[in-house]
Amino acid sequence: MRIFDTHAHISDTRFDIDREALIDRLKEKDVELIVDVGCDLRDVSKTLELTERYPFFYGAVGMHPHTAEYFGPEMADGLARLLERPKIVALGEIGLDYYYDLSPRDVQRRVFDEQLSIAALKGLPVILHVRDAIGESLDILRAHKRELIENGGVMHCFSGSVESARECLELGLMIGFGGSLTFKNNRRGVETAEFVPLDRFVFETDCPYLAPVPHRGERNDPSMIALVAEKFAEIKGITPDEAADIAFKNGMKLFRLG
Ligand code: NI
């Protein structure tokens, strides 16, 4: 099996105690590529450091909806400069989060829209975080449809209906599947996996969060994608190796690697 974790936060402080040792072990667990997502632009140094130090690490940077209120004009300039770096392959994660509502909704919408424009200007794919806000997110995304179809993107940890998934595909996006696919009673996830075409999905952890069953609640890491691949493969009637391999290739295409 070869694993591409398209959405990890190895830069998170929860990996401070054993980050190096963990990374050293990943290769023997079939993890060959990782995109580390630095989603608070006030400090993405750890993500940059990982991409510089390890050949198999790439990075994404952007302002998460949680901290959208701290995004100002200077930060937009800084973001544009970061996106020039060769190992920064996407802008994200960005979007709307009306579940936690940590930044005012009007600010979330404005900052989301502004960052979509920056991604378009740079010709880069986007990583999208949407929670309890799929309708308004799709409205904003539709306004950027032309660039999205051209540059691509991924709906990370998708939790919407099949109907929303269909709309995402029409916008040129891929669907990201992670640990939540393995959770009991996640009917919607299973339905979305049944529906998604084989050339339009990727695997991700969102680690340290969202560890798959039977590790739910523990600290997640990229090697656990093997369990997501197993579940996805079962739904699709293919082998876990095939699922991981297709996801790997889709991820390479999404982030234009290799
Ligand atoms: Ni994330």
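Order of appearance sets the numbers: ligands from 1, and atoms from 1 within every ligand.
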TODO: Using a strict cut-off of less than 4.0 Å between a Lys/Arg side-chain nitrogen and an Asp/Glu carboxylate oxygen, indicate whether Asp101 and Arg105 qualify as a salt bridge.
DONE: yes

- [ ] Measure distances from the Ni ion (ligand 1) and count the protein N, O or S atoms below 2.8 Å.
- [x] 4

Task: Contact check, side chains of Phe56 and Glu32, non-hydrogen atoms, under 4.5 Å - done: no

Open item on the list: Can you confirm whether Lys87 is buried at NZ, in the sense that more than 12 heavy atoms of other residues, nucleotides or ligands lie under 6.0 Å from that atom?
Closed with: yes

Open item on the list: Assess whether a salt bridge exists between Arg19 and Asp24, defined as any Lys/Arg side-chain N lying under 4.0 Å from an Asp/Glu carboxylate O.
Closed with: no

TODO: Could you tell me whether Glu194 atom CD has more than 12 heavy atoms of other residues or ligands within 6.0 Å of it?
DONE: yes

- [ ] State whether Arg110 and Asp106 are salt-bridged, where the test is any N-O pair (Lys NZ or Arg NE/NH1/NH2 against Asp/Glu carboxylate O) under 4.0 Å.
- [x] no

